[in-house]
Structure formats: C-alpha cells, structure tokens
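Everything below concerns the one structure shown next.
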Amino acid sequence: MSASTHWLATASAQAVLERGGNAFDAVVAGAFVLHVVEPHLNGPGGDLVGIFATADAAAPTVLMGQGHAPEAATIERYRAENLELVPGAGGLAAAVPGAVDAWLLLLRDHGTWELADVLAYAIGYARDGHALGPGAAATIGRVAQLFADDWTTSADLWMPTGAPPAAGTVVRNPAYAAVLDGLVHASCTVRDDGPVGRAARIDAARREWKTGIVAHEASAFLAQPHRHSSGGLHAAVITAQDFASFDAGYEAAVTREFRGRTIAKAGAWTQGPAILQTLGMLDPLADGLLDPSNEAGAHTILEAQKLSFADRDVWFGDDDVDVDSLLADDYLDERRSLIGDAAATTFRPGAPAGRAPVHPPLRTTAVSAAGTGEPTVAVPKGAPPQTPGLLTRATGETRGDTCHIDVIDRWGNIVSATPSGGWLQSSPTIPALGFSLGTRLQMTWLEPGHPSALQPGRRPRTTLTPTLVLRNGVPEFAIGSPGGDQQDQWQLLVLLRMIVGGYTPQEAIDAPSLHTTALLDSFWPRGWTPAGAVVEDRLGDSLIAGLERRGHEVTRAGDWALGRVSAVGRDAISGQLWAASNPRGMQGYAAGR
C-alpha cells in the first residue's frame with residue numbers, strides 16, 4: 001500500500017511494489033518524484049524526517065534528514081546584516097540540504113533496488129515533463145513579480161514564456177534530470193555486482209551529491225547578493241565544505257502509550273514530542289472531551305495543544321532537551337490542570353524539574369490569516385488577496401508547504417516520511433541544478449541561550465513530524481501530514497478519531513478539522529495569535545459559535561480546507577493492509593493491491 005500527497009508519487013511507489021521492490025525502494029522512488037511534481041512543497045535542496053520499522057525490528061527508527069546550520073551562520077553575522085530574525089526566503093535561511101542524503105542512506109541500508117532503477121521515475125518526469133498542479137501554478141503566480149524583477153533564474157525555469165504557467169501546463173526540468181543522472185553515473189563507477197557493490201554504488205552517489213556539482217554550484221551561486229523576504233539584499237553564507245560536512249543518520253524514536261497504542265515520534269529537534277504531551281494530557285479524560293466534533297471536545301483539544309506548543313516553543317531544539325521530564329505523568333497532570341472552560345489568552349510554558357524557560361520574543365499577528373507556519377489552507381472567506389501570512393508579493397514571502405508519503409509492503413516493512421523545504425519560492429533557482437535551497441534556518445532564533453538559537457552545526461527545530469503507531473509492540477499504521485505548525489494538530493484529530501472514536505482511517509481523515517494558531521509561528525515573521533483557532537465550516541455553526549463564546553478567535557477556512565493527512569497500515573485483527581489519503585485539494589492519493 002502507498003499513500004502520498006500527489007498521485008504520481010503514489011503511482012510511482014506502487015509501481016515499485018508491483019515489480020517486487022520493498023517499502024524502502026518504493027518510498028525513495030516516490031520521494032524523488034515528489035521533488036519534481038510538487039516543487040512548491042519540497043525539493044532536493046530541502047530536508048526530511050522519516051520514521052520506519054523493518055519487518056524484523058524490535059522498535060521503530062527515525063530517519064534523520066535535517067541538515068544543520070552552516071559554519072558561518074552565527075547570530076553575530078546575521079545581526080551584523082541588520083536582521084532581527086532569520087529571513088523566510090533567501091539564501092541566508094538555508095541549512096545544509098539533508099533530504100537527498102537521507103533518502104540514499106535509507107535505500108542503501110534497507111532497500112533492494114539499484115539506484116538507477118529507483119531514480120528512473122523522477123528522471124522521466126523531470127526530463128519528459130508532467131502536468132503542473134494547481135497549487136504549484138498558483139504559487140508561481142504569487143511570486144511572479146519577484147521572479148521577474150529579482151530572481152530571474154527562477155523566472156527562466158518557471159516562467160519561460162514570461163508569464164506564470166497555467167495549471168495543467170506540461171513543465172520540464174532538464175537541469176534536475178541531469179543532476180539525478182549524475183548521481184547514477186557516479187554510482188556506476190563501482191563494478192561489484194553483489195550487495196557490497198550495491199551499497200558502495202549508493203555511497204558513491206552520496207559523495208557526488210555532497211562534494212560534486214551540487215555543492216559547488218549552489219554555494220557559488222548563492223554567494224551573490226539577492227533579495228530576501230526581509231526586503232534587503234544579502235549573500236548566503238553556505239559553502240561547499242558545509243555540504244560535505246553533513247551525514248544523514250538514524251535515531252531512536254521517542255514514544256508514549258495512549259489508549260492501548262504506542263505512539264512513536266522523532267526527538268525534540270522536531271516538534272514531535274509535543275503531540276505526545278498533548279496525548280498525555282488528554283488520556284485520562286472522558287471520551288467526549290477527546291471528540292473534536294463536539295464543543296467541549298474541540299475546546300479541550302485546542303487548550304491542551306496550546307500548553308504543549310508553549311513547551312515546544314521554549315524547550316525544544318537541537319540541544320540537551322529533558323524530554324523525560326516534559327513527558328512525565330506528574331508534569332502532564334500539572335499542565336492538564338491549567339485547562340479551563342474559557343480560551344486561554346496568555347503564553348504559558350511550563351517549568352519541568354523547576355527550570356526556568358528562555359522566552360523567545362512574542363510578536364502578535366492578525367488573526368485574518370487562515371493558518372500559520374506552512375499553510376495548506378484556502379484564503380479565509382472575505383480576506384483580501386494579500387492576507388498577512390499567506391503571501392507578500394513585494395518580497396516573495398509566500399509560505400512554503402510540505403509533502404508526505406507512507407508505504408507498507410507485503411513483508412511488514414513500513415515507513416512514514418515528511419520531506420519539505422527547497423521550495424521553488426525559497427530562494428533563487430540555481431540554474432545549473434534546476435532547484436533552490438531551503439529556508440529551514442528561519443526556525444532558529446537570534447537570541448543566545450534558547451535551545452533553538454542559531455548556531456553553526458546545530459539543526460533548526462523542524463516542524464516535520466511523521467508518526468508510527470504500534471499495538472502490542474507491532475507496527476499498526478504510519479501516518480503524517482504537511483502543514484508546518486499544523487502537522488501534528490491535524491494528525492492528532494485523526495489519531496483521536498481512530499483510536500478513541502472508532503473511525504476507519506479514511507473516515508477520520510475526511511472528518512472536519514480545526515487547529516490552534518495560539519503558538520509561536522515556526523516560520524518568518526514568527527508571529528503569535530493568542531486565542532486564534534481555525535476551523536472547517538463543516539464542524540457546524542453551533543460548535544463554532546460555542547468556541548467563540550468561550551473566547552476563541554475563530555477563522556472559518558471553508559468546508560474542505562484543513563489537513564492533508566495520509567496513512568497506511570495493517571488491520572490488527574484481519575491482517576489486511578489498508579491505505580487512506582486526503583481528499584482536500586483533489587491531489588492526494590492512496591493505492592494498493
């Protein structure tokens with residue numbers, strides 16, 4: 001079974017499974033296709049977080065594909081550029097790309113196919129073309145003026161006629177096809193036909209990625225001053241040596257029990273442990289308070305999330321984070337006691353083990369935006385074309401989005417991965433490569449002492465947060481979503497509806513969604529909406545009015561606007577495999593046999 005945010009990625013992954021490949025061969029093939037067909041949502045210059053279990057594994061494993069800050073990326077350097085925040089677009093926001101190395105590492109260690117066969121799908125779509133999706137076309141339209149005036153290499157690739165392409169236009173990216181061909185050619189230098197030779201071939205491709213044309217072209221091109229989202233002209237600080245310094249890797253998952261399941265997430269260098277905190281706060285409550293389809297349940301879920309995200313915003317980062325204290329039962333009991341009948345309007349991080357948090361700056365923003373972070377939502381009803389937080393044509397600051405892919409195979413291997421970054425609107429297209437570098441460093445702070453402060457060699461605290469759910473120690477399903485600060489919020493509702501409400505996976509994904517914006521936006525310009533909540537209208541006028549009476553500042557996003565969750569799994573009783581995907585936007589797809 002395969003499920004992803006784009007039908008061509010799902011189809012490619014499923015084709016690999018049909019031809020005898022395993023889940024890891026399939027997910028890597030689908031992921032490289034996502035680079036091509038969802039270029040506004042992810043790219044090879046970006047990053048990823050994955051979580052997986054092999055058929056014989058005793059525990060799930062995290063795939064770490066988040067690159068670190070370059071050696072010259074210091075707070076002092078950025079402050080000297082008259083910046084209070086790391087920009088949301090432009091080369092100064094680029095962490096070392098981590099996605100490609102992570103995918104190749106996963107393929108080497110757990111796949112069975114040769115690199116040339118896995119990459120053939122993406123190379124075909126890049127060289128021969130694919131129909132541009134509506135979201136990608138709309139994104140290019142939003143930044144068309146920036147491309148025309150400043151990022152002219154991006155205009156050359158995405159607007160070759162001088163105008164933004166219409167949805168459905170067949171687009172090609174021969175430069176990226178050549179980059180992938182280069183990885184294949186590098187791998188062919190190893191002649192050993194056995195498994196040792198296969199691993200060596202993939203390692204040769206990894207070396208080419210980190211030390212060859214990609215590293216040198218990207219760093220040289222972005223060293224030229226270019227427009228950033230802050231409005232100024234800046235040169236990037238990333239170098240070819242930074243590319244060579246990164247190695248993707250594996251980590252142990254962080255887990256928590258919830259209603260007979262084990263929920264597995266990546267560590268506190270992601271936002272993953274926050275959903276474990278939320279589940280810990282909700283677990284002892286009555287089932288009705290865990291149901292987002294009634295007023296009391298929706299309110300309780302929103303308030304619990306505010307508390308866990310406040311902890312995320314002060315305690316999480318690529319640092320020595322005391323996750324055990326944040327997930328301790330007595331600490332979560334204390335946090336749960338703060339949930340009242342009215343919407344909280346203050347920022348309330350906790351003090352686990354009596355430690356005082358380092359507060360980042362609170363910048364309030366208008367509630368008119370239909371979401372924060374990497375919005376996957378429609379513009380709110382009646383909102384002006386340039387709604388704050390959705391796009392700023394003058395600077396090109398359109399919020400990027402993300403992809404997701406899940407695969408399970410006949411042998412019991414299962415993987416969930418959320419690739420992101422390197423969006424076509426992140427920074428100018430590197431002409432020799434056909435893609436941009438990412439902007440993940442915008443999630444760091446320029447305040448010393450914070451766990452997520454900018455520091456060379458440190459990973460930004462990412463929003464990427466796929467999930468693996470186990471039952472009696474056996475993987476039951478993999479799930480994830482795009483959506484920045486909303487990723488775990490939308491997954492939470494699906495988990496609650498499946499585990500507590502008894503919904504089928506597709507019913508849970510289809511059900512109306514909501515999320516809080518009362519958190520520190522992980523993305524530039526790092527705003528905070530103290531009592532904000534965004535809802536789908538299908539929740540009903542009565543429920544929405546009840547949230548407003550409780551003090552939530554509610555934005556209606558439309559009937560089918562929130563959430564892009566997909567999932568795959570195995571029924572614990574029948575053993576039958578299943579897959580489910582998001583109908584919103586008519587782009588996600590689930591397939592299997």
Side-chain angles (χ1 to χ4, degrees), residues 12-13 15-16 19-36 43-48 50 63-65 67-68 96-128 172-221 238-250 417 419 422 430-435 437:
S12 299
V16 173
R19 292 174 56 195
N22 68 15
F24 305 107
D25 301 315
V27 76
V28 176
F32 276 94
V33 170
L34 286 173
H35 288 167
V36 178
D47 33 54
L48 76 86
L63 174 64
M64 193 288 291
H68 53 251
V96 179
V100 168
D101 191 52
W103 287 128
L104 296 182
L105 177 70
L106 185 70
L107 180 67
R108 184 197 73 182
D109 293 344
H110 298 289
T112 63
W113 277 26
E114 289 289 344
L115 181 63
D117 297 324
V118 170
L119 295 185
Y121 302 89
I123 292 172
Y125 286 121
R127 179 163 290 132
D128 302 330
R172 298 173 176 82
N173 193 338
Y176 183 47
V179 169
L180 295 181
D181 274 337
L183 299 183
V184 173
H185 292 156
S187 73
C188 291
T189 60
V190 179
R191 298 300 183 185
D192 183 344
D193 291 334
V196 173
R198 177 185 170 277
R201 280 188 286 279
I202 295 174
D203 278 338
R206 295 176 68 199
R207 285 193 299 273
E208 171 62 26
W209 171 263
K210 291 188 276 193
T211 63
I213 184 176
V214 171
H216 292 281
E217 288 286 346
S219 56
F221 179 76
I238 195 167
T239 67
Q241 290 71 32
D242 291 317
F243 279 77
S245 69
F246 174 75
D247 289 312
Y250 304 116
I430 304 153
L433 307 180
F435 60 82
L437 292 195

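Quantities reported herein were computed from a predicted structural model and do not represent experimental measurements.
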Roughly how far, to the nearest 0.5 Å, is the [atom2] atom of [Y] from the [atom1] atom of [X]?
{"X": "Y250", "Y": "L105", "atom1": "OH", "atom2": "CG", "answer": "3.5 Å"}
{"X": "L437", "Y": "I238", "atom1": "CG", "atom2": "CD1", "answer": "5.5 Å"}
{"X": "H185", "Y": "L180", "atom1": "NE2", "atom2": "CG", "answer": "11.0 Å"}
{"X": "W103", "Y": "F32", "atom1": "CH2", "atom2": "CZ", "answer": "8.5 Å"}
{"X": "L433", "Y": "F221", "atom1": "CG", "atom2": "CZ", "answer": "9.5 Å"}

Please report the shortest heavy-atom distance between [X] and [Y], naming the atom on each side.
{"X": "A175", "Y": "G434", "value": "CB-N, 3.7 Å"}
{"X": "A186", "Y": "A204", "value": "O-CB, 3.5 Å"}
{"X": "Y121", "Y": "A29", "value": "CD1-CB, 4.1 Å"}
{"X": "A218", "Y": "F243", "value": "CB-CZ, 3.7 Å"}
{"X": "A126", "Y": "A177", "value": "CB-CB, 3.9 Å"}
{"X": "L183", "Y": "E208", "value": "CD2-CG, 4.0 Å"}

With heavy-atom distances below 4.5 Å as the criterion, would you say the side chains of [X] and [Y] are in contact?
{"X": "V179", "Y": "P44", "value": "no"}
{"X": "H35", "Y": "F435", "value": "no"}
{"X": "I202", "Y": "L107", "value": "yes"}
{"X": "P419", "Y": "L34", "value": "yes"}

Q) Under the salt bridge (charged side-chain N to carboxylate O under 4.0 Å, His left out) rule, what pairs show up with a residue in residues 99-126, not counting sequence neighbours? A)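 As it turns out, the salt bridge (charged side-chain N to carboxylate O under 4.0 Å, His left out) pairs with a partner in residues 99-126, which skip direct neighbours, are D101-R206, D101-K210, R108-D203, E114-R201.
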**Q.** Backbone of W113 reached by a side-chain donor or acceptor of D25 within 3.5 Å
**A.**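 Looks like yes, one N/O pair under 3.5 Å.
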(Q) Between H216 and A240 (side chain of the first, backbone of the second, donor and acceptor by atom type, cut-off under 3.5 Å), is there such a pair? (A)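 No, because the side chain of H216 does not come within donor-acceptor range (under 3.5 Å) of the backbone of A240.
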Q: Would you please name every residue forming a salt bridge (charged side-chain N to carboxylate O under 4.0 Å, His left out) with R127, sequence neighbours left out?
A: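 Per chain and number, R127 pairs via salt bridge (charged side-chain N to carboxylate O under 4.0 Å, His left out) with D181.
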(Q) Can a side-chain donor-acceptor contact be found between S245 and D242 if the only test is distance below 3.5 angstrom? (A)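 D242 vs S245: no donor-acceptor pair found between side chains.
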Q: Please step through side-chain contact (heavy atoms from CB on, under 4.5 Å) for the pair V16 and V27, ending with a clear verdict.
A: CA-CA 9 Å; V16 173; V27 76; over 6 Å; no
